[in-house]
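Heads up: the structure comes next, in structure tokens.
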2 protein chains.
Amino acid sequence: MSNKKQRYHHGHLSESLLQAVNDIASQFGIEAVTLRGCAKHVGVSPAAAFRHFQDKRALLTAFATRALNQLADTLAATEEAARSANHDSFHAVGMAYISFALENPALFRAMWREETIYSRDEDYLAAAERLVGYLKEGFAGTIEDEDPNDFSPHEMLAWSSVHGMANLFVDGPIASQMQQEQKIQLAESVLSELKSTCNSQ
Amino acid sequence: MSNKKQRYHHGHLSESLLQAVNDIASQFGIEAVTLRGCAKHVGVSPAAAFRHFQDKRALLTAFATRALNQLADTLAATEEAARSANHDSFHAVGMAYISFALENPALFRAMWREETIYSRDEDYLAAAERLVGYLKEGFAGTIEDEDPNDFSPHEMLAWSSVHGMANLFVDGPIASQMQQEQKIQLAESVLSELKSTCNSQ
DNA sequence: ATCTATATGTAAACAATGTTCACATCCAAT
DNA sequence: ATTGGATGTGAACATTGTTTACATATAGAT
């Protein structure tokens with residue numbers, strides 16, 4: 001971080017800028033992310049960012065896209081692991097979703113904020129579609145699926161309750177009043193309730 | 001709006017500023033809310049706002065507080081109406097929550113955004129506690145309640161799924177891809193699933 | 001190797017925003 | 001009527017996003 005300071009060209013600027021967003025957002029929240037701040041964090045002039053992103057909004061869109069993909073990766077890996085270990089993969093996927101939000105609140109917040117991103121961006125839509133795909137396919141294949149192209153009430157119930165808990169644990173009155181451990185325990189028991197409902201048919 | 005323009009003192013500035021936030025947020029989104037914009041909307045100098053709110057953040061906190069109270073009012077009224085009409089009040093309260101979000105996305109977004117408000121503000125906490133209270137009391141009294149001071153898995157399941165749907169309908173890939181009507185129908189059927197789960201004991 | 005087109009970076013400037021400060025105006029209690 | 005506190009104004013400032021004109025590096029053709 002000290003010897004290659006003299007280079008006029010950075011080399012991986014767009015990648016580094018996204019990393020900067022991640023660092024700053026993780027430490028101070030997304031609201032604290034500033035274009036100039038990211039540029040300084042990377043050691044580059046503010047204007048340089050505009051060679052790689054049309055906008056601040058475009059930068060945040062790319063960040064949200066990456067966050068979506070990370071979450072989708074996590075879910076996929078979790079399901080695979082649980083399946084091959086013969087564990088309850090519905091439970092595992094649900095908990096993975098919630099844990100991701102708890103461990104990366106900044107990422108989780110970023111990926112859903114319609115107003116601060118270009119939600120019609122091609123890459124963003126693709127990433128979103130990938131995540132939604134998992135869920136439409138029966139909550140990543142862990143519950144029975146009637147139609148892989150649409151949400152059944154069961155699928156929607158599963159996703160929305162997990163998504164709702166994740167949101168409530170990150171933003172809301174519960175967020176600051178409950179310990180991490182409590183949240184996880186509550187999530188576990190809610191998922192148990194859910195499982196019986198969603199597998200009942 | 002035209003004859004009382006000459007007064008030096010506004011009279012109800014803090015109230016009017018909140019109204020301005022509402023107007024602008026409803027029309028252009030919360031991200032578009034600007035202190036100067038609100039001041040101009042009210043016909044007052046930017047600095048005047050600081051006599052009534054310490055911060056932009058304090059203004060948004062007051063706005064979020066009001067939104068929380070509005071939602072709580074709506075839920076209370078809905079429950080009362082459904083109860084006296086002998087309707088399914090669980091269903092009614094759940095749908096009211098979701099409808100509120102669909103009809104007032106700006107309000108709904110504002111009330112949960114920890115990063116843009118003072119979430120430790122006294123009034124905000126009171127409003128949040130009031131809403132949470134409804135839910136801790138058995139989802140506004142519509143499901144059985146084991147402990148009014150804590151969330152049972154049933155209560156958490158009910159709230160989180162409703163909250164999750166509201167969020168997904170307002171921010172997220174579904175938001176733009178589904179019609180209002182579809183969202184409501186999906187919500188209805190999810191709530192039907194939920195009811196059997198939450199009342200089963 | 002040289003030249004040149006293009007990609008990538010810089011510095012300086014601008015408008016908009018949040019915020020503060022010194023001052024103006026009004027209201028209300030003496 | 002006077003005066004003190006509440007409320008509003010205008011000018012200023014730092015910060016931010018963004019643009020523009022210019023500088024430098026890199027890659028491919030010659």
Side-chain angles (χ1 to χ4, degrees), chain A residues 1-21 23-25 27-64 106 110 113 115-118 121, chain B residues 1-21 23-25 27-64 106 110 113 115-118 121:
Chain A
M1 204 193 193
S2 51
N3 53 341
K4 47 181 69 172
K5 267 295 183 185
Q6 320 300 6
R7 309 178 82 91
Y8 189 91
H9 283 95
H10 181 280
H12 315 280
L13 187 48
S14 71
E15 172 58 28
S16 294
L17 282 173
L18 285 171
Q19 194 54 243
V21 174
D23 293 350
I24 297 175
Q27 200 167 359
F28 306 105
I30 317 175
E31 301 297 327
V33 172
T34 195
L35 248 181
R36 296 179 104 104
C38 291
K40 183 177 292 183
H41 188 272
V42 169
V44 100
S45 91
F50 289 86
R51 296 286 179 203
H52 300 266
F53 299 97
Q54 193 188 358
D55 253 348
K56 179 187 182 184
R57 195 166 184 173
L59 173 62
L60 292 180
T61 303
F63 182 67
R113 204 159 292 191
E115 284 189 11
T116 50
I117 66 180
Y118 289 121
D121 173 80
Chain B
M1 206 193 193
S2 52
N3 52 343
K4 46 181 69 172
K5 268 296 181 183
Q6 319 299 6
R7 308 180 81 89
Y8 188 91
H9 282 96
H10 181 280
H12 315 281
L13 187 49
S14 70
E15 172 58 29
S16 294
L17 282 173
L18 285 171
Q19 192 55 243
V21 174
D23 293 350
I24 298 174
Q27 201 167 359
F28 306 105
I30 318 176
E31 302 297 328
V33 171
T34 196
L35 249 181
R36 297 178 104 106
C38 292
K40 183 177 292 182
H41 188 272
V42 168
V44 98
S45 91
F50 289 86
R51 297 286 179 203
H52 300 267
F53 300 96
Q54 195 188 356
D55 255 345
K56 180 188 181 183
R57 194 166 184 173
L59 173 62
L60 292 180
T61 303
F63 182 67
R113 203 160 295 193
E115 284 189 12
T116 50
I117 66 179
Y118 289 120
D121 174 79

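The structure displayed is predicted, hence computed values, not measured ones. Residue numbers begin at 1 in each chain, while the letters A, B, ... track the order of the sequences.
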Does a nitrogen or oxygen in the side chain of B/H52 sit under 4.0 Å from OP1 or OP2 of D/dG8?
-> yes
Just how far, in rounded Å, is P of D/dG8 from CZ of B/F53?
-> 11 Å
Whole-Å distance between D/dT7 P and B/H12 NE2?
-> 12 Å
Calculate the interatomic distance between B/E31 atom CD and D/dT16 atom P; express it in whole Å.
-> 17 Å
Of all the choices, C/dT19, C/dT10, C/dA22, which nucleotide is nearest to the side chain of A/A48 once you look at every atom?
-> C/dT10
What's the closest nucleotide to the B/A47 side chain, out of C/dT10, C/dT20, D/dG8?
-> C/dT20
May I ask you to test the B/L18-B/F53 pair for a side-chain heavy-atom distance under 4.5 Å?
-> yes
Starting from P on D/dG17, measure out to CZ on A/F50 and report it in whole angstrom.
-> 8 Å
Where the side chain of A/S45 is defined as all heavy atoms beyond and including C-beta, which of D/dG10, C/dT19, C/dT10 is the nearest nucleotide?
-> C/dT10
Separation of atom CG in B/L35 from atom P in C/dG18, rounded to whole Å | 5 Å
Give the minimum heavy-atom separation between B/C38 and B/V21, together with the two atoms involved.
-> SG-CG2, 3.8 Å
Look at all strands and tell whether A/T34 reaches a base, only sugar-phosphate, or nothing, counting heavy atoms closer than 4.0 Å.
-> sugar-phosphate
Interatomic distance, A/K40 NZ vs C/dT10 P [rounded to whole Å] = 14 Å
Only counting residues at least two apart or in another chain, list the ones meeting side chain to side chain donor-acceptor pair (under 3.5 Å) with B/D23.
-> none
Which whole-number value in Å describes the distance from A/L17 CG to D/dG17 C1'?
-> 14 Å
Separation of C/dT10 atom P from A/L13 atom CG, nearest Å, is 8 Å
Please round to the nearest 0.5 Å and tell me the distance separating atom CD1 of B/I117 and atom NZ of B/K56.
-> 13.5 Å
